[in-house]
2 protein chains.
Amino acid sequence: MSASQLETRLSHHLDLTFAERDALRWLERRERSYPAGTLIFHEGEAIENLYIVGSGWLHSSVTLRDGDRQILRFYFIGDITTTLSVAWQHSAATLQAVSDTTLFEIPKAHFGDLFRKHPRLGALLFAISASEQVSIGDRLTSISKTDGFTRIATLLLDIRSRLRVVDNLEGSAFELPLTQKDIGDAVGLTKTHVNRSLKALEATGLVERDGRVVRITDVDRLATLVDFRDRHAVIATDWLPAVGAAVSPVLEKVT
Amino acid sequence: MSASQLETRLSHHLDLTFAERDALRWLERRERSYPAGTLIFHEGEAIENLYIVGSGWLHSSVTLRDGDRQILRFYFIGDITTTLSVAWQHSAATLQAVSDTTLFEIPKAHFGDLFRKHPRLGALLFAISASEQVSIGDRLTSISKTDGFTRIATLLLDIRSRLRVVDNLEGSAFELPLTQKDIGDAVGLTKTHVNRSLKALEATGLVERDGRVVRITDVDRLATLVDFRDRHAVIATDWLPAVGAAVSPVLEKVT
DNA sequence: CGATGGTTTGAAGCGACTCAATTTACGTGG
DNA sequence: CCACGTAAATTGAGTCGCTTCAAACCATCG
């Protein structure tokens, strides 16, 4: 059996045991494909499952009364959509495929079992979830306090940073399958102003665009310019509980 | 031994076993008091602990390069500060007491043990954390897409809603120990504009102010007016794993 | 009872929005 | 392989919500 996406992701933070790896792979059985643009599920819809991204980009969003859309988060390979449905019977947001996508569908109860059988993984997932929460906080701050130029620069740096963890992105260029409207819906600007801000970014020479490919010429300098903090590179695992407590009766008796 | 704050909080969502209650109480041993305004720890500071709020209000915030402050979250009785320090060795934000406060300090490793000994609680905490994440997303949306009037109305409704869960708040009035500057730092407005928006809120007759006491005259109507969704009332627990898996070797052998 | 921090009000300026038109890119069918 | 149709990107002009700057008012407390 080959490595699973979630397994690969978690391996970045922890040396996984065989049993843990096995449990993660076991989650990723029901695979489904969606072409770009597919609306996977809608805000408010009843949903029994979580999804692990196998490939492609997605985003979650909410729609306001006036039809305006707020994109809350982008999902990349190895991400889990826990936030959307773990706390309620109905989804807190709409999930839509940005590019062609494959997802692994897992019943919420299986996710729950993971906490029981592999508490260390449960705690690690909690830590990752916390890091994502901080990351949302960063974007909130960005939207709340900074201008269009900075918001977009921050978004680009953040996406690049996440793709690095996830895609082994080597260079500073990456494909951005988003329209300027999408970008605006993510950072709280109109498409008109997104366009102007992108132009301003190019004018500094720190960002180049060619079609949908974006290259950040000098990541460090841009990061300094807009006061960007990378939240995705490392997370603390020193506090996690001992491995595999519940899975092995033998081990358990010794304790 | 009397009920602990976290225990009370989690009881709202789940019938806890004796062992679970005991474990939660055991976490709340090291209690410390802080007068209003105390800076508990600063963004970037190394920190080994989590904190459970025993009483009072606090907030977490980050400070931008230009000195601007963004308040990310308010903490009330029974809340845990996991987000700030669980994912890194250094705090992601500054924690400050708004009113006189008591906190229970718990080492991160004890929190980790909870996942091993009481996986159901770990999963529940995960779900609560997810609901908070959605709540932050709501505020992001509010700041990103709505005007001052709506942002502040939404903040007031949100605070009231959380105090209800936590404080058994009966009426529609509550004390708001925040300056207008604080409110502005939370919703992304200047104190000048906060003042004007508050006036506008009063002018509708839906909100009354008397010193630091705020009364929402007609909660439902205001909620409808600003399209507010309550995220705190209930959370789904049907997916949680079976109780107490790892704590009892005897039970474990049976499995 | 002065001092300090918070609230309130006024006036002017700007960043981002709205409205609108034009150009460019791209997928599809002939 | 080109013509066409539609979506996206680009650019311009006018407007408005919120900010900035500034000053006056008010409450609480040592």
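Below, read A as the first sequence line, B as the second, and so on, with proteins coming before strands; counting in each chain starts at 1.
- A:Gly148 comes within 4.0 angstrom of the backbone, heavy atoms only, and of no base.
- Between B:Arg229 and B:Asp138, no side-chain nitrogen of the basic residue sits less than 4.0 Å from a carboxylate oxygen of the acidic one, so the salt-bridge criterion is not met.
- B:Thr190 comes within 4.0 angstrom of a nucleotide base, judged by non-hydrogen atoms across all strands.
- In summary, the side chains of A:Ser55 and A:Thr102 do present a donor paired with an acceptor at a separation below 3.5 Å, with no hydrogens or angles considered.
- Remark: P of C:dA16 and CZ of A:Arg151 are 6 Å apart, rounded to the nearest angstrom.
- We find that A:Asp158 and A:Arg231 are not joined by a salt bridge, their nearest charged nitrogen and carboxylate oxygen being 4.0 Å or further apart.
- Ion pairing between a basic and an acidic side chain is recognised when a charged N comes within 4.0 Å of a carboxylate O; B:Asp230 and B:Arg164 show no such pairing.
- Between B:Asp182 atom CG and C:dG5 atom C1' the separation is 12 Å, expressed in whole Å.
- When the P atom of D:dA8 is taken as reference, atom CG of A:Leu176 falls 14 Å away, rounded to whole Å.
- One interatomic measurement links the two molecules: CG of B:Asp147 to C1' of D:dT19, which rounds to 15 Å at whole-angstrom precision.
- Within residues 191-208 of chain B, the residues approached by DNA chain D to less than 4.0 Å at the level of any non-hydrogen atom are B:Thr192, B:His193, B:Arg196, in residue-number order.
- Applying the ring pair (Phe, Tyr, Trp, His ring centres under 6.0 Å) test to pairs two or more places apart or on separate chains, those with a residue in residues 36-69 of chain A are A:Phe41-A:Tyr51, A:Trp57-A:Phe76.
- Looking only at atom types and distance, the side chain of A:Thr179 has a donor-acceptor partner in the side chain of A:Asp182 under 3.5 Å away.
- Nucleotide C:dT23 holds its P atom 18 Å from the CD atom of A:Gln180, rounded to whole Å.
- Using a 4.0 Å heavy-atom cutoff across all strands shown, A:Gly188 reaches sugar-phosphate atoms only and no base atom.
- Along DNA chain C, the nucleotide nearest to A:Phe149 and the one nearest to A:Gly211 differ in position, and the one closer to the 5' end is contacted by A:Phe149.
- Closest to the side chain of A:Arg209, out of D:dT10, D:dA8, D:dC18, is D:dT10.
- Counting to the nearest Å, the C1' atom of D:dC18 and the CG atom of B:Asp68 are 14 Å from each other.
- Straight-line distance from the CD1 atom of A:Ile143 to the P atom of C:dC17: 11 Å, rounded to whole Å.
- In this structure, B:Asp66 atom CG and D:dT19 atom P are separated by 13 Å, rounded to whole Å.
- Judged by distance alone, the side chains of A:Ser129 and B:Gln133 do bring a donor and an acceptor atom under 3.5 Å apart.
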